[in-house]
Number of protein chains: 2
Amino acid sequence: MSEAKTSANPLFLREEELRQGIELLFFAYRDFTSEADAMLAKHKFGRAHHRVIYFVGRHPRISVSDLLDILAITKQSLSRVLSQLVTDGFIIQHRGPRDGRQRLLELTEKGVEMERQLTEAQRRRFARAYREAGAEAVEGFRKVMLGIVDDPARERFAQSRRDGGRDGGRERDQ
Amino acid sequence: MSEAKTSANPLFLREEELRQGIELLFFAYRDFTSEADAMLAKHKFGRAHHRVIYFVGRHPRISVSDLLDILAITKQSLSRVLSQLVTDGFIIQHRGPRDGRQRLLELTEKGVEMERQLTEAQRRRFARAYREAGAEAVEGFRKVMLGIVDDPARERFAQSRRDGGRDGGRERDQ
DNA sequence: CTTTTGGGTCAGCCTTGTTGACATAGTTAG
DNA sequence: CTAACTATGTCAACAAGGCTGACCCAAAAG
């Protein structure tokens with residue numbers, strides 16, 4: 001470890017590697033959201049609407065508080081977009097059968113279609129990246145990304161390797 | 001909800017794999033920014049200030065328009081945070097020697113220290129994730145992420161494999 | 001019956017993006 | 001030299017999507 005200067009400095013390489021990771025995450029997230037943002041604008045919706053539609057689609061009949069846990073925003077912030085989505089007929093609310101206080105959320109047909117369209121560009125982007133990178137790289141991507149998310153979010157992915165993770169373990173359920 | 005449950009459906013697996021990628025990116029980005037956001041709040045700054053400090057630190061004496069190209073925001077949005085950073089003594093502007101219209105940006109000592117503190121939590125997060133995932137996984141992570149970013153951003157990483165990418169190729173430079 | 005919980009709502013604030021119009025200094029082309 | 005273009009800055013107004021704080025109701029839990 002004595003040869004520095006000539007690009008063989010391990011500390012510098014490490015620092016550079018970390019900064020590249022940081023920047024990759026920044027640019028990837030920004031580009032990743034741009035296409036859906038453009039579609040949303042046509043419907044006078046924003047990114048927050050997409051998130052709600054996405055996770056309600058992913059967890060049919062999810063309760064409001066479970067959705068809040070996933071999104072990690074305040075109920076006032078959620079309320080703003082959720083009520084628009086309900087009013088515009090993309091989401092319906094059912095009174096909880098076991099707990100009558102709950103408003104379980106579900107996409108309408110219109111909502112399902114909207115979700116499909118919005119997420120399609122993102123799925124295509126990932127499909128292309130996965131295909132070009134190869135199966136082994138995808139596994140590495142997953143490992144690194146899992147190391148970056150905080151524990152609460154990591155649990156979402158923990159046991160959901162091949163069971164589809166539809167509801168794997170979560171759902172407070174009264 | 002018919003069946004196909006038994007994990008043998010390749011189309012379902014693919015769909016699931018793509019959605020996991022989408023979600024990993026969402027949660028990773030959110031958690032990744034949270035620590036720096038908290039520090040920024042103490043200085044009455046926001047995430048936009050961090051971005052400016054970060055990229056000015058990364059590209060000393062960068063011009064305003066080059067910085068705008070990286071951030072992909074309007075000059076009015078940049079101006080708001082940049083002028084605060086200059087006023088507060090985190091960034092200094094030099095008149096361009098070759099082109100007197102340019103205001104080349106550079107971190108002050110105070111700015112360098114601030115950048116270090118802000119980015120440290122993010123570097124640690126990546127360092128931990130990289131270490132736990134292993135070198136091979138890191139390579140896979142890079143491949144997939146590069147596949148997700150759009151072309152303009154991809155060029156940043158293209159030739160900067162082992163030269164540190166300090167200024168590799170960019171810098172419009174009159 | 002009282003307390004806690006799930007959910008909703010009003011009101012106001014902040015950051016950070018946007019568009020559009022305009023100003024000014026410096027560079028470059030004719 | 002003049003005209004045109006370029007780099008940067010600035011004012012004004014707007015929107016999205018976070019936040020806090022206060023308060024409400026209805027249902028569940030004790």
Side-chain angles (χ1 to χ4, degrees), chain A residues 26 29-30 33-34 36-53 56 61-87 91-105 171-174, chain B residues 26 29-30 33-34 36-53 56 61-87 91-105 171-174:
Chain A
F26 169 65
Y29 187 76
R30 194 190 55 188
T33 50
S34 62
D37 283 357
M39 296 191 42
L40 285 156
K42 291 178 195 161
H43 294 262
K44 303 280 186 181
F45 285 161
R47 202 176 289 182
H49 297 84
H50 186 187
R51 287 182 193 144
V52 171
I53 287 185
V56 169
R61 299 184 67 83
I62 190 176
S63 72
V64 170
S65 60
D66 281 349
L67 182 55
L68 285 174
D69 286 345
I70 292 177
L71 297 174
I73 58 176
T74 61
K75 65 174 176 176
Q76 293 92 327
S77 296
L78 172 59
S79 170
R80 191 159 35 200
V81 294
L82 180 54
S83 52
Q84 288 176 54
L85 290 169
V86 170
T87 301
I91 287 179
I92 35 169
Q93 301 176 300
H94 313 275
R95 206 166 237 100
R98 289 182 284 279
D99 185 334
R101 292 168 302 180
Q102 293 182 325
R103 301 298 148 88
L104 306 183
L105 307 173
E171 213 73 48
R172 250 199 286 237
D173 208 344
Q174 69 146 298
Chain B
F26 169 65
Y29 187 77
R30 196 191 56 189
T33 50
S34 62
D37 283 357
M39 297 192 41
L40 286 157
K42 293 178 195 161
H43 294 263
K44 304 281 189 177
F45 285 161
R47 201 176 289 182
H49 298 84
H50 186 186
R51 285 182 193 144
V52 171
I53 286 184
V56 170
R61 299 183 67 84
I62 190 176
S63 72
V64 171
S65 60
D66 282 348
L67 182 54
L68 284 173
D69 285 346
I70 292 177
L71 297 173
I73 59 176
T74 60
K75 63 176 177 175
Q76 294 92 326
S77 297
L78 172 59
S79 170
R80 192 158 35 201
V81 294
L82 181 54
S83 52
Q84 288 176 55
L85 290 170
V86 170
T87 301
I91 287 180
I92 36 171
Q93 301 177 302
H94 312 276
R95 205 164 238 100
R98 288 181 285 278
D99 186 335
R101 292 168 302 181
Q102 293 182 324
R103 301 298 147 87
L104 307 183
L105 307 174
E171 212 75 46
R172 249 202 286 238
D173 206 344
Q174 66 150 305

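Below, read A as the first sequence line, B as the second, and so on, with proteins coming before strands; counting in each chain starts at 1. Keep in mind it's a predicted model, so treat the numbers as computed, not measured. Just the heavy atoms: all of them, side chains too, but no hydrogens, waters or symmetry mates, feed the values below.
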Pairs: protein N or O with nucleotides 20-24 of chain D N or O, under 3.5 Å:
from, atom 1, to, atom 2, distance (Å)
D:dG21, O6, A:Gln76, NE2, 2.8
D:dA22, N6, A:Gln76, NE2, 3.4

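- Computed from coordinates, the B:Asp69 CG to D:dT8 P distance equals 10 Å when rounded to whole Å.
- When the side-chain nitrogen and oxygen atoms of A:Ser63 are compared with OP1 and OP2 of C:dG6, none of them lie within a distance under 4.0 Å.
- Between the CG atom of B:Leu71 and the C1' atom of C:dT15 there is a distance of 16 Å, given to the nearest Å.
- Nucleic acid contact for A:Gln93: sugar-phosphate only, since backbone atoms but no base atoms lie under 4.0 Å from a heavy atom of the residue.
- Distances shown here put a side-chain N or O of B:Ser79 below 4.0 Å from the OP1 or OP2 atom of D:dT10.
- One can find a donor-acceptor pair under 3.5 Å joining the base of C:dG17 and the side-chain atoms of B:Arg80.
- Listed nucleotides: C:dT16, C:dG17, D:dT8. Nearest to the side chain of B:Arg51: C:dG17.
- Proximity of A:His94 to A:Arg103: side-chain heavy atoms (C-beta onward) are nowhere separated by under 4.5 Å.
- Here B:Gln102 does not reach the OP1 or OP2 of C:dA25: none of its side-chain N or O atoms lies under 4.0 Å away.
- When each of A:Leu105, A:Ile73, A:Ile70, A:Leu85 is paired with A:Val52, the side-chain contact (heavy atoms from CB on, under 4.5 Å) condition holds for A:Leu85 and for no other.
- Residue A:His49 places at least one side-chain N or O closer than 4.0 Å to OP1 or OP2 of D:dG17.
- Results of the side-chain hydrogen bond (donor to acceptor under 3.5 Å, both in side chains) test with A:Asp37 over A:Arg30, A:His50, A:Arg47 single out A:Arg47 as the only residue that passes.
- For A:Arg98 and D:dA29, the CZ to P distance is 12 Å, given to the nearest whole Å.
- Comparing C:dG8, D:dG9, C:dG26 against the side chain of B:Arg101 picks out C:dG26 as the nearest.
- Per the geometry, CZ belonging to A:Arg95 stands 10 Å off C1' belonging to D:dA27, to the nearest Å.
- Taking atom CG of residue A:Asp37 and atom C1' of nucleotide D:dA15, one finds them 13 Å apart after rounding to whole Å.
- Annotation: side chain of A:Leu82 is in contact with side chain of A:Ile91 (closest heavy-atom distance under 4.5 Å).
- At distances below 3.5 Å, at least one donor-acceptor pair connects side-chain atoms of A:His49 with backbone N or O atoms of A:Gly46.
- Proximity of A:Phe45 to A:Met39: side-chain heavy atoms (C-beta onward) are nowhere separated by under 4.5 Å.
- Side-chain contact check for B:Val86 versus B:Ile92: every heavy-atom pair is 4.5 Å or farther apart.
- Inter-residue side-chain proximity for A:Val64 and A:Gln102 is flagged as unmet; no heavy-atom pair is nearer than 4.5 Å.
- Between the CG atom of B:Leu82 and the C1' atom of D:dT10 there is a distance of 13 Å, rounded to whole Å.
- Nucleic acid contact for B:Arg47: sugar-phosphate only, since backbone atoms but no base atoms lie under 4.0 Å from a heavy atom of the residue.
- In this structure, B:Lys44 places its NZ atom 12 Å from C1' of C:dC13, rounding to the nearest Å.
- Rounded to a whole Å, the CG atom of A:Leu104 is 11 Å from the P atom of C:dG8.
- For B:Ala48, whose side chain is taken as the heavy atoms from C-beta onward, the closest listed nucleotide among D:dA27, C:dG26, C:dG17 is C:dG17.
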